[in-house]
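In what follows, a structure is listed as structure tokens, so that the remarks can point back to it.
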Number of protein chains: 2
Amino acid sequence: MVITQAIEDYLKTIYLLGQGGEVATSAIALKLKVSPPSVTGMVKKLAEMKLLRYTRYQGVELTPAGEKIALEVVRHHRLLELYLQEALGYPWDKVHEEAEKLEHVISEEFEDRIAEALGWPETDPHGHPIPTKDGVLPAVAVRELLAVETGQSATVRQVSDGDPGMLRYLASLGFFPGATVQVLEKAPFEGPLRVRVGEAEHAVGRELARHVLVSAATPAEV
Amino acid sequence: MVITQAIEDYLKTIYLLGQGGEVATSAIALKLKVSPPSVTGMVKKLAEMKLLRYTRYQGVELTPAGEKIALEVVRHHRLLELYLQEALGYPWDKVHEEAEKLEHVISEEFEDRIAEALGWPETDPHGHPIPTKDGVLPAVAVRELLAVETGQSATVRQVSDGDPGMLRYLASLGFFPGATVQVLEKAPFEGPLRVRVGEAEHAVGRELARHVLVSAATPAEV
DNA sequence: CTAATTTCTTAGGCCAGACTAAGTTCTTTT
DNA sequence: AAAAGAACTTAGTCTGGCCTAAGAAATTAG
């Protein structure tokens, strides 16, 4: 059973989309930028390999074996992101793209050495937890910024990567892991949020806000 | 015109085998561990792409365009080898294998950043010159250890990578770039050489000696 | 509850890059 | 210079991973 790069990419994507549930083939197609029939084909193959369970017309769910591989790839990805930033001085918004290519190629040895160089870190530059070597994803209690009550404060925990443009924009507003944010006002319907981040106040669209995850404010630690 | 990893590997291999001349398809097949027909097929395609000149039943030679790509890959490879050793503490004999995978994947940005971190180095851990960004391979005047006169001394310049076992063995005898070696005696026919490396004396087979390149002794710099 | 729409799958093909088996052409030997 | 051997190529296949076009199931609408 040979695990190709394509397979790794499917498993990783399914894992990230799936966090606790079935994943639709169309969602996978969208994320991987391939056609839906390609996904169906690959998904059948992965089911044969016992890396996931597949029910026609319904969806897909990783088996423990599939999840294990996915977590290895995610670990590689997040360690690489952090390493690129910390050791090579990559800007925040460029680490994702490079890690995307390297994650499929590095050896166990490489993984260990950068993990060591980084002091066995637990989160990547965007605040995402790094799975451990034995395939456990440290749980973090976060909720969407949208869920914060008007007037309440919270600490930014994660900012979703993927789109460098959005990431740059969020960064320009001050949304980094660790930053404190206060929700001043939520416009009704799908209107924007008024928030305070550090000194500044901004209006933030809902779509954008959905990419910011926070935990209860812990001002002391900032 | 899409340059795949396979194409990069062919061009690199042809370049390294070719240093000034035609390369036989069988040599490529041997090095890349593919069948001769596979090489013929690929070589035809590369000729179409104007990356090399190909004469049936004869051999192959890179065009400037092909050589440019080859040199980029070689630059990646050698920078990576050095980075793995210097920055991540890889042992001498393991850098090659990892670099072999990474060389096809890293971006220009990555290349620049590790080059900078290393202080724009000129040779890799095995003593091979690193091509510059604009595709020039710094010339180094070296000859085979076998060519050294009996009684003469020389400075080790390069040790060919590729086979980790051989590399480890050579290292155990003291053959690093920079080491001084004296040829004490050459057995006739294909017999071994007696050499002194540092304090120790060793008998070295011709095959092994062929992998050690030296320049005129410059004791001062050691 | 049927019809329209969306979502997913099947069918059939393409391309890259590898392979084996069966020729060619070049080289060496005698 | 003919024959034997080595080196290289052609022919025909296979596999992985993708695609489009067309059909089946599930969902939503009326």
Side-chain angles (χ1 to χ4, degrees), chain A residues 1-18 21-62 65-66 69-70 73 100-101 103-105, chain B residues 1-18 21-62 65-66 69-70 73 100-101 103-105:
Chain A
M1 194 180 73
V2 183
I3 307 295
T4 63
Q5 289 199 190
I7 291 177
E8 286 186 354
D9 258 329
Y10 274 91
L11 294 174
K12 180 184 81 164
T13 301
I14 293 165
Y15 175 78
L16 292 176
L17 290 172
E22 299 252 307
V23 180
T25 57
S26 56
I28 303 169
L30 209 64
K31 197 72 174 246
L32 288 178
K33 292 181 183 158
V34 297
S35 69
S38 300
V39 175
T40 302
M42 179 59 93
V43 139
K44 278 179 169 177
K45 178 176 163 180
L46 297 179
E48 287 281 306
M49 294 169 121
K50 308 281 187 189
L51 297 175
L52 50 76
R53 271 172 295 273
Y54 165 57
T55 332
R56 275 165 78 246
Y57 290 99
Q58 204 170 309
V60 126
E61 195 170 10
L62 295 183
I69 295 173
V73 179
E100 202 75 6
K101 293 178 300 175
E103 64 189 8
H104 305 293
V105 162
Chain B
M1 195 180 72
V2 182
I3 306 294
T4 64
Q5 290 199 191
I7 292 177
E8 287 186 353
D9 257 330
Y10 275 92
L11 293 175
K12 181 185 79 165
T13 301
I14 292 166
Y15 175 78
L16 292 176
L17 290 172
E22 299 252 306
V23 179
T25 59
S26 56
I28 304 169
L30 209 64
K31 196 74 173 244
L32 288 179
K33 290 180 184 158
V34 297
S35 68
S38 301
V39 175
T40 302
M42 179 59 94
V43 139
K44 277 179 170 177
K45 179 177 163 179
L46 296 179
E48 287 282 305
M49 294 169 121
K50 309 278 187 193
L51 297 175
L52 50 76
R53 272 173 294 271
Y54 164 56
T55 332
R56 274 163 82 244
Y57 290 99
Q58 204 170 309
V60 127
E61 195 170 10
L62 294 184
I69 296 173
V73 179
E100 202 74 6
K101 294 179 299 176
E103 65 189 7
H104 305 293
V105 162

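We name chains A, B, ... by the order of the sequence lines, and we start the count at 1 in each one. None of these values were measured; they are calculated from a predicted model.
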Rounded to the nearest 0.5 Å, what's the gap from [atom1] on [X] to [atom2] on [Y]? Could you check?
| X | Y | atom1 | atom2 | result |
| --- | --- | --- | --- | --- |
| Y15(B) | L62(B) | OH | CG | 9.0 Å |
| I69(B) | L51(B) | CD1 | CG | 5.0 Å |
| L16(B) | T13(B) | CG | OG1 | 6.5 Å |

> Taking the nucleotide of DNA chain D with the closest heavy atom to each, which residue, G59(B) or K33(A), is nearer the 5' end?
Replying inline: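 It is G59(B) whose nearest nucleotide is closer to the 5' end.
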> Near DNA chain D, which residues from residues 41-48 of chain A have a heavy atom under 4.0 Å away?
Replying inline: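 M42(A), K45(A), in order of number.
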Hey, what are the protein-to-nucleotides 1-8 of chain D N/O distances that come in under 3.5 Å?
{"from": "dC8(D)", "atom 1": "OP2", "to": "S26(B)", "atom 2": "N", "distance (Å)": "3.4"}
{"from": "dC8(D)", "atom 1": "OP2", "to": "S26(B)", "atom 2": "OG", "distance (Å)": "2.4"}

Check whether any side-chain heavy atom of [X] lies under 4.5 Å from a side-chain heavy atom of [Y], and answer yes or no.
| X | Y | value |
| --- | --- | --- |
| I28(B) | K31(B) | no |
| V73(A) | L11(A) | no |
| M42(A) | V34(A) | no |

> Pairs in or reaching into residues 7-18 of chain A: which pass salt bridge (charged side-chain N to carboxylate O under 4.0 Å, His left out), with residues at least two apart or in two chains?
Replying inline: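 Only K12(A)-E100(A), K12(A)-E103(A) qualify under salt bridge (charged side-chain N to carboxylate O under 4.0 Å, His left out).
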> So with a 6.0 Å cut-off around CD of E48(B), is the heavy-atom count from everything else above 12?
Replying inline: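 Atom CD in E48(B) is not crowded, with 12 or fewer foreign heavy atoms closer than 6.0 Å.
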>> Are more than 12 heavy atoms, taken from residues, nucleotides or ligands other than K101(B), located less than 6.0 Å from that residue's NZ atom?
In response: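 For K101(B), atom NZ is crowded (more than 12 foreign heavy atoms under 6.0 Å).
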Integer-rounded Å distance: [N] [atom2] and [X] [atom1]:
| X | N | atom1 | atom2 | answer |
| --- | --- | --- | --- | --- |
| M49(B) | dC15(C) | CE | P | 14 Å |
| Q5(A) | dC18(D) | CD | C1' | 15 Å |
| L32(B) | dG17(C) | CG | P | 12 Å |
| D9(A) | dC18(D) | CG | C1' | 14 Å |
| L30(B) | dA18(C) | CG | P | 15 Å |

>> Is there a side-chain contact between S38(A) and the phosphate of dC19(D), meaning an N or O under 4.0 Å from OP1 or OP2?
In response: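 Yes, because at least one side-chain N or O of S38(A) sits under 4.0 Å from OP1 or OP2 of dC19(D).
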> Using a cut-off of less than 4.0 Å, is there contact between a side-chain N or O of Y10(B) and OP1 or OP2 of dA18(C)?
Replying inline: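 Answer is yes, contact under 4.0 Å.
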>> If you only use heavy atoms from C-beta on, which nucleotide in dG17(D), dA21(D), dC19(C) is closest to the side chain of P37(A)?
In response: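 Looking only at side-chain atoms, P37(A) lies closest to dA21(D).
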